[in-house]
Amino acid sequence: MEKYDPKAIETKWQRVWEDERAFYVPNPEPGAEPDDEFYMLEMLPYPSGNLHMGHVLNYTLGDVVTHFKRRQGLNVLRPMGYDSFGLPAENAAIKEGGHPREITERNIVSIERQMRRLGWAIDWDRVIAAHDPAYYRWTQWLFLKFFEKGLAFRKEAPVNWCPNDQTVLANEQVIDGRCERCGAEVEARKMEQWFFRITAYADALLDDHALLDWPDRTITIQRNWIGRSEGAELLFRIEELDVDLPVFTTRPDTVFGATFCVLAPEHPLVDRLVERSPNADELREYVRRSMAKRGEIRAAAEEKTGVFTGLYAINPATDEPIRIWVADYVLMEYGTGAIMAVPGHDERDGEYAKKFGLPVVTVIDEDRVLVNSGRFDGLPADEAKKAIVDWLGEQGRGRPAVSFRLRDWGFSRQRYWGCPIPIVYCEQCGIVPVPEADLPVLLPEVEDYRPKGKPPLASNDEWLHVPCPRCGGPGVREADTMDTFVDSSWYFLRYVDPHNDGAPFERWLVDFWLPVDQYVGGIDHATGHLLYSRFFVKVLNELGLLGFREPFQRLFHQGWVRQGGSKMSKSRGNVTAPDQLADMYGADAVRLYILFVGPADQDMDWTEEGIEGIGRFLRRLWRIVNEAAGATEGGDGGPLVRKAHETIAKVTDDIGRRFVFNTPIAAVMELVNELGRNPSAPGARFAAEAAVSLIQPYAPHIAEELWAQLGHERLWEQPWPVADEAQLERETFELVIQVNGKVRDRVEASVEESEEELIARAKQSPRVQAQLDGKEIRQAIVVPRKLVNLVV
RNA sequence: GCCGGGGUGGCGAAACUGGUCAUACGCGCCUGACUUAAAAUCAGGUGUCCCCGCUGGGGGCGUAAGGGUUCGAGUCCCUUCCCCGGCACCA
């Protein structure tokens, strides 16, 4: 028997698979109907130079499912790509020199080598990269479709502005309110930006959760993020301005208790209020200061602030004049940017009223019934909501309304390394889309990636100034780039048709493969990528580009693999990179270990303690299977054969139904241990074959080699084993005998025995008799094929 | 504060719909075999307390804490404590 040499075996089989194109998946012939196709997808990596253990967990898990489903006879699409635009490469270029493209492409080469080293079954013909013009051409094309529909648009919105670097910062670049690079305090600034109108899909995004087989917590996170609130919009008349001020409330039942109104400092009516206000100077100063503060700073304020405008609005329920205030605890982004304040029943309003000495009226008593509410007195609060809105509605002073917390998706980035936005600004024509025929708008070369008050792309004058596509007059290109989440909102569609240069994808191909049958990725994308992609698919569906409404049918979140910071890794020194670990123990050991160490959906602190044990297991497997290879075929029945069938059933159920990945490994270990104890028992060969076959999705290299030593070929395409029900059937079982719920004895019993016979046997047990000690048996519970419980 | 997830041996964790002395599988540790020795490998042991006629056998207690439901609870219900994650002036 040769020694187990993981490196040699792994190189050998990886070459065989590549030569045979074992895991390349051709597209169907046109007209093919979806039947046995299965789309397995893991979130694509950002190509940093190195794989980390989180990647290894993510992609090994996907790999196990891929092999499992393939061997169950499904046609499995399992592609890979790179989310290759984005800040890290750009920051590296700024810091160390070089071009973000060179850095990115070097990293892609490196990360792909590491992926191949781990032996993942990937269709490398379908690789895509966000920064490849052949890809981002279609990102731009899709943008144009959204633009035509009015779903991509420009509007003014507050952004993070670093006064020192003269640039807009992404939220991720603001650390504790300061610029991550220079440390200057970041300001809020209003700028015109590009947005996707995701808010128009808020209800669809909520409703279609019903179509998904997703974890509850993810759906809950999305639901909270979208934040649908039902209530009413009520009109508070401001006579001095001759306008009706609309306010949104979820508590129209408390309108009789609305004793003042508050406007956000950004509210469009504020300017007009200032004009009329006796407090104009104070008000103007307050508005100026609040608007320079970012939202988080405002939210963190310990005490509420605000200024009385000196003007009044009419409460539509009481017809009483109430004071109008401007205060920054009211947010312009939510509802109408103005509220009716009900200090008696809203904590925040109450706090405010207390500070400024404003009147407080209680309108709901302890029985949740209305008081001080005129004709509505005595009505239960939940009934009053509708009644009051109806009543105000009849007078034209209110209507039912729904408010969302979800905001439109701002995707302008004043950065270099991203997808250019295909727009030209023309003095005559305004915002003009670049014609489809002129795509892609290639990312221009620039001298300096640092944004200096204008986006880096704008520093290339030659690129920036182009004739207007519509009138031919002087035009200026959009110099912002797109958020990288745009790139990743449709990549899963491109995989099915990655080389198409006439369209982003063929509709029949996406309709054939999608929705994704199993998606695997981190839960950190719950309110980002997973929401954006759903939005994209809904829009593309409406555009007739595809025939489904949801991209990801089933979703699984792998846990976080934490590294560093923990006691363990500090005391143990540096953490080894996955490919180094593969060189030390073999790829199979790394793959097994990351899945064996705990449940895949649970966070873990990375430790290398224990990978030795996997190494031992693989060497033992190698030895024991080699020995069993000499055993004769056949051997029906017997404990070893039964154990093998039980293991087949367990592993199949765990991966297929329960979607758990650590316990199948333990089950195969048990089988191998049993086989090791009985190397020449009947069925040894069968047990060895089962063990090898079952471990193949986890450790495909050693499995393939051992399969060959067992005299077979091409395990990767062998049908997944099926447990023989007949072999699982038992004639006898171990009867557990309990007295008052405590196990007292266990005896062998036949499955044929009746309840009475089992009870009789229980009573006969000497150990039971000792417990009974002459006491009267009041009841006997029998669980068929399991136990008898005697109650005394 | 709100929402979600979780607390099981020295450690990572099993126990899937309440039903086989809870702790499978692995790590670590202990003992033994092989060896001049060590490593590797192999075999055995490893919750806790107690009892006995003590190379064996028996019993009590144990799944964050307390209570409940049940013939039977790690699993279901209630209360409390702790940890992790998300959201957080959203009217």
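Order of the sequence lines sets the chain letters (A, B, ...), proteins ahead of strands, with each chain counted from 1.
- Nucleotides B:rC16 and B:rA73 have their P atoms positioned 16 Å apart, rounded to a whole Å.
- Glycosidic conformation of B:rG9 is syn; the angle stays within 90° of 0.
- When rounded to the nearest whole Å, the span between CG of A:D601 and P of B:rG5 equals 12 Å.
- Using C1' as the reference atom, B:rC81 and B:rG9 are 22 Å apart when rounded to the nearest Å.
- Taking the ring axis of A:Y329 as reference, the NZ or CZ atom of A:K304 stays within 45° of it and closer than 6.0 Å to the ring centre.
- The CD1 atom of A:I594 sits 15 Å away from the C1' atom of B:rG26 (whole-angstrom rounding).
- Across all strands shown, B:rC89 forms no Watson-Crick or G-U wobble pair with both key distances under 3.5 Å.
- Nucleotides B:rA43 and B:rC34 have their P atoms positioned 16 Å apart, rounded to a whole Å.
- Atom CZ of A:F404 and atom P of B:rC87 are 20 Å apart (whole Å).
- Under the Watson-Crick and G-U wobble criteria, each requiring two contacts below 3.5 Å, nucleotide B:rG72 is left unpaired.
- Using cut-offs of 30° and 60° for the angle between ring planes, the A:Y352 and A:F356 rings count as tilted.
- Taking the ring axis of A:W622 as reference, the NZ or CZ atom of A:R616 does not stay both within 45° of it and closer than 6.0 Å to the ring centre.
- Remark: B:rU79 base-pairs with B:rA65; criterion is Watson-Crick or G-U wobble with both hydrogen-bond distances under 3.5 Å.
- Using atom P as the reference point in both B:rA13 and B:rU31, the two lie 29 Å apart (nearest Å).
- B:rG72 and B:rA33 have their P atoms separated by 50 Å, with the value rounded to a whole Å.
- Spacing between B:rG12 and B:rA24 at atom C1', rounded to whole Å, works out to 14 Å.
- As a whole-Å value, the separation of A:I781 CD1 from B:rG19 P is 15 Å.
- The distance from atom NZ of A:K650 to atom C1' of B:rA24 is 9 Å, rounded to the nearest whole Å.
- Remark: B:rG4 base-pairs with B:rC84. Criterion, Watson-Crick or G-U wobble with two distances under 3.5 Å.
- Residue A:V660 is out of contact with every strand shown, counting any heavy-atom pair closer than 4.0 Å.
- Side-chain atoms of A:R657 and base atoms of B:rC16 include a donor and an acceptor less than 3.5 Å apart.
- What separates CG of A:D653 from C1' of B:rA15 is a distance of 14 Å, to the nearest Å.
- Taking atom C1' on both nucleotides, B:rG53 is separated from B:rC42 by 37 Å, rounded to a whole Å.
- The CD atom of A:E609 sits 10 Å away from the P atom of B:rG12 (whole-angstrom rounding).
- Ring planes of A:W409 and A:Y532: parallel class, angle under 30° (limits at 30 and 60°).
- Distance from the side chain of A:A666 is smallest to B:rC25 among B:rA14, B:rC71, B:rC25.
- Crowding of A:K355 atom NZ: a count of heavy atoms from other residues, nucleotides or ligands under 6.0 Å exceeding 12.
- A:E646 has no carboxylate O lying under 4.0 Å from a charged side-chain N of A:K650, or vice versa, which leaves the two without a salt bridge.
- For B:rG56, the paired base is B:rC52 (Watson-Crick or G-U wobble, both distances below 3.5 Å).
- In this structure, A:R407 reaches the bases: a heavy-atom distance under 4.0 Å links it to at least one base atom across the strands shown.
- For the pair A:I665 CD1 and B:rC25 P, the computed distance is 15 Å after rounding to whole Å.
- A side-chain donor-acceptor contact under 3.5 Å links A:R407 to the backbone of A:R405.
- Pairing for B:rC29 is with B:rG45, a Watson-Crick or G-U wobble pair whose two hydrogen-bonding atom distances lie under 3.5 Å.
- Distance from the side chain of A:R620 is smallest for B:rG26 among the nucleotides B:rC27, B:rA91, B:rG26.
- Looking at heavy-atom distances under 4.0 Å, A:R405 makes contact with a base.
- Taking atom C1' on both nucleotides, B:rU70 is separated from B:rC87 by 40 Å, rounded to a whole Å.
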